[in-house]
**Q** 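Next up is a structure, given as structure tokens.
Every chain is numbered from 1, with letters handed out A, B, ... down the list of sequences.
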2 protein chains.
Amino acid sequence: MSISSRTTAGPRDAGRPSALSGPNATASASVAARASTRTLETVRDGRGHVTSQVRRTVLPSGLRIVTEQMAGARSASIGVWVGVGSRDETAATHGASHFLEHVLFKGTSERSALDISIALDAVGGEFNAFTAKEYTCFHARVLGEDLRLAVDVLGDMLTDSLVADHDVDAERDVILDEIAMHDDDPDDVVQNLLADLAWGSGPLGRPIAGTVESIQAMTRDRINRFYKKHYVPENMVVSVAGAVEHADVVRTIKKAFGRNGFLDGQAEPRSPRGAVRRPRVRGGEAHVSRPFEQVNLVLGVEGLPRDDDRRFAMGVLNTALGGGTSSRLFQEVREHRGLAYSVYSFAANYADSGLVGVAVGCLPERLDEVLATVRAELALIATEGITAEELSRGKGQLTGGLVLGLEDSGSRMMRLGKAELVHSEVLGIDEVTARIDAVTLDEVRDVAREVFSRPELLAVVGPE
Amino acid sequence: MSISSRTTAGPRDAGRPSALSGPNATASASVAARASTRTLETVRDGRGHVTSQVRRTVLPSGLRIVTEQMAGARSASIGVWVGVGSRDETAATHGASHFLEHVLFKGTSERSALDISIALDAVGGEFNAFTAKEYTCFHARVLGEDLRLAVDVLGDMLTDSLVADHDVDAERDVILDEIAMHDDDPDDVVQNLLADLAWGSGPLGRPIAGTVESIQAMTRDRINRFYKKHYVPENMVVSVAGAVEHADVVRTIKKAFGRNGFLDGQAEPRSPRGAVRRPRVRGGEAHVSRPFEQVNLVLGVEGLPRDDDRRFAMGVLNTALGGGTSSRLFQEVREHRGLAYSVYSFAANYADSGLVGVAVGCLPERLDEVLATVRAELALIATEGITAEELSRGKGQLTGGLVLGLEDSGSRMMRLGKAELVHSEVLGIDEVTARIDAVTLDEVRDVAREVFSRPELLAVVGPE
């Protein structure tokens, strides 16, 4: 965010519908004293040359390794995915997943925090991490020849972090500042409000970073117990894509993660988080008064859980509703009425629940007209569904965007890691494309009718 | 920005130093009744196969076309760069560049606004634009086979927009909302304040989007005159990268931009904006009181103009100071003292001026300690320069980041278009790398000493 790249964004800022990935089926992994390896997908170009190949190895410890070798790539991206996030926390550990994510950068018995930073900075690599409600991911992007270095640093951090008392205290201050930063971001505030409205104080409803109170009360021991409990091989997936060779990656990972006997045990990879008990979503409305210039609002309803078959129809519906500049909401709210700069719809999925909604930022005096316009569009699409032209356009947009979105090693690493962790299997691009192509007008209308007849959730943040 | 990708950012968020590109020299283009074409750069892999080739054609009308054919790419990115931005505005046209950028999406004699949106949405393409202080860029990313479509839409929009009265009025409301959105973003507010402090009410000091007053007063005629004056072939560069073939691209552009005689004249491409009169930067301090949770501040000094030979030394200096997580500022402000989540330095260049600075967001009670810490680091680096280890690491970081940052068609298109427009020539990656490698400790110390002894600029936004 340097000034030199400072620009005013143009008018094409509508949200892109979330990528569709992952199958319904869950595949159970083999359990054996020896690693098992399978080839999941091979893509060839017109002349029969292999352009990409996805392979998967399960180590006896339960650690899963998924790689995609991409012909011609110079970079390599690696992600370590851990099946733990804010929904695994209790009131007493609220914010622990994210706190831990920070603390793991602070040093191991081999490396100081500065050593960790220097290692990837020195080769121009990108190195970061994020915490979500259902998983935590540590990722790096480097030139292919520097992959071993990145694997070594990540393996060290994830298996042997010290979680030292004084580091916990220093990061506590950093996280309190991060929470203040999110509190100054209207999008963050309104999305947290929506989650709270939908799921209350239950695990899905709480903000990922925790609260000022929960972070102030967090202890080193609580974080360390959380670390030891959740950061185990059977709860982790390593995904690597780009200029990589599978067998070589597996060898490097075994060495980097094998420190201190971390991979010595035997276990089956943990199954994806199931839909044990579907959280109830009641309707409701919440306003938070903040002295912003704009009002930010999200109008939503309960959506679909992740493995629901109808998610492909929902993807097409979401695209037609608010997934691009030709979408109904963009056309009506922005192009025709000039009511808002930013308007888009979204469909979010979790293991056992989901949200579908529309997000708008507008001037306070336009709030009533925005709400009336959005509600009218939702009512219309719930009754009549979409047109044949919108169906065909939505499919083109989703499949074209899928291919365009998977050109770099980073996005392929993300696709592999997330799919393996939350679905236990990586669905090929062809299969996803076929599922999108198979969506019918009736399916879109049925899912629109069902979903948009659910009780309305409305979160609003802005001046009085 | 859908909820499904909603995560809390991890600890590795420091700013990346801006990419270095472009030479000092300016090359004058040939003027002829026939197009002239040159090959600027050819890169081969270890086996001698061409992996990328940069070619440049100048049409008799003065329109420049620069392409980079990338072996193995599936996508193609196109950018149309116009040498006009907010610094070309007067008080009466303040905000016209950005306003025009919006209005060009609203329809031509061939296409409605909806037609324009549908065209690229239907193939899953990305389509956007941005306005900066010195240029405006319209860009798209599509699959290679859809490039002709993208070129055709862009050529139509840029040469034949209607700039209709009612579209100007509808976009006026959208832009007023966009200004409100920026006013809610602490980073935007503090950077605008810094520019104002540095260059006052002069062209470089004004916010790109205009003000509420200037946008309310803007007329259709003023915008249209601005359009006809600045959107001329000799002031435009089209850059295309990815799955493209140069001669084919040139043919397609000639057709798409040749509408209504747009390319019929003869002209020499306009020279890059020169350093006519260097704007004076005095020191100073400005505070804006806003009810945010955080204080956002930028501490800066006047930097280097774009073609200054010392910009490579400045790049290394900026990297060591605040360009990564191993940088001095990140280590001291965040890792050791836990004062802030986000801290980074930046170096911005314009034709005749520049800014170098440090940006921090922190809790209000930590402001004094943050300021003291940042000032101490600046004083130290101004006196002693950097260490040999920092020099070597900084070079690795810049060159590694350069290669990693140019893997996709979008970033290559951006590099080509910007370099051609602001430097009149595209410097090869090898040449940029060589310039970085040649930087010495003395050069870094000298530029640090000179720049950081200039009068201090301090912009602060936050609660009282």
Side-chain angles (χ1 to χ4, degrees), chain A residues 1-4 7-12 15 18 72 75 98 101-102 105 113 117-118 121-124 127-132 170 173-174 177-178 180-181 183-184 186 191 208-209 291-294 324-326 334-335 338 340-341 346 348 355 361-363 393 396-397 400-401 404 407-408, chain B residues 1-4 7-12 15 18 72 75 98 101-102 105 113 117-118 121-124 127-132 170 173-174 177-178 180-181 183-184 186 191 208-209 291-294 324-326 334-335 338 340-341 346 348 355 361-363 393 396-397 400-401 404 407-408:
Chain A
M1 222 176 347
S2 75
I3 281 196
S4 59
T7 56
T8 301
R12 308 288 109 167
S18 35
S75 72
H98 174 252
E101 176 231 294
H102 273 236
F105 284 88
S117 289
I118 284 177
D121 270 358
V123 296
F127 191 24
N128 214 326
F130 62 86
T131 305
D173 286 340
V174 171
D177 186 55
E178 189 181 351
M181 187 184 78
D183 272 350
D184 283 339
Q191 290 285 5
I208 293 165
F292 296 132
E293 299 291 313
Q294 279 192 316
T325 64
S326 64
R334 176 163 163 173
E335 294 286 279
Y341 172 75
F346 61 85
L355 284 175
C362 67
L363 291 173
R393 211 159 72 215
Q397 192 171 342
L404 281 171
E407 224 183 10
D408 62 296
Chain B
M1 222 178 347
S2 74
I3 281 197
S4 60
T7 55
T8 300
R12 308 288 109 168
S18 34
S75 72
H98 175 252
E101 176 232 294
H102 273 236
F105 284 88
S117 289
I118 284 177
D121 269 359
V123 296
F127 192 24
N128 214 325
F130 62 85
T131 305
D173 286 340
V174 172
D177 186 55
E178 188 181 352
M181 187 184 77
D183 272 350
D184 283 338
Q191 291 285 5
I208 293 165
F292 295 131
E293 299 291 314
Q294 278 192 316
T325 63
S326 64
R334 177 162 162 175
E335 294 286 279
Y341 173 74
F346 60 86
L355 284 175
C362 67
L363 291 172
R393 211 160 71 214
Q397 191 170 342
L404 281 170
E407 223 184 10
D408 63 295

**Q** Quick one: does A:E407's side chain have a donor or acceptor within less than 3.5 Å of a partner on B:S75's backbone?
**A**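 The answer is yes, because a donor-acceptor pair under 3.5 Å joins these two groups.
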**Q** Against chain B, label A:P291 side chain, backbone, both or neither, depending on which of its atoms sit under 4.5 Å from a heavy atom there.
**A**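 Answer is both: backbone and side chain atoms of A:P291 are under 4.5 Å from chain B.
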**Q** I'd like to know which of B:G72, B:A170, B:G361, B:P186 tops the heavy-atom pair count under 4.5 Å against chain A.
**A**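 It is B:G361.
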**Q** Return the option, out of B:I118, B:L363, B:D177, with the maximum number of heavy-atom pairs under 4.5 Å with chain A.
**A** B:D177
**Q** Output the option from B:G400, B:S326, B:G338 having the highest count of non-hydrogen pairs under 4.5 Å with chain A.
**A** B:S326
**Q** Work out which heavy atom in A:V174 is nearest to a heavy atom in B:R334; give both atom names and the distance.
**A**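 A:V174 and B:R334 have their closest heavy atoms at CG1-NE, 3.6 Å.
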**Q** Taking all atoms of both residues into account, what is the closest heavy-atom pair of A:T325 and B:S117, and its distance?
**A**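 For A:T325 versus B:S117, the nearest heavy atoms are OG1-OG, 2.9 Å.
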**Q** So which part of A:D408 gets closer than 4.5 Å to some heavy atom of chain B, the side chain, the backbone, both or neither?
**A** neither
**Q** Who among B:V123, B:D173, B:D184 has the most heavy-atom pairs with chain A under 4.5 Å?
**A** B:D184
**Q** Sequence neighbours excluded, which residues qualify as side chain to side chain contact (heavy atoms under 4.5 Å, CB included) partners of B:D183?
**A** A:E293, B:I179, B:R290
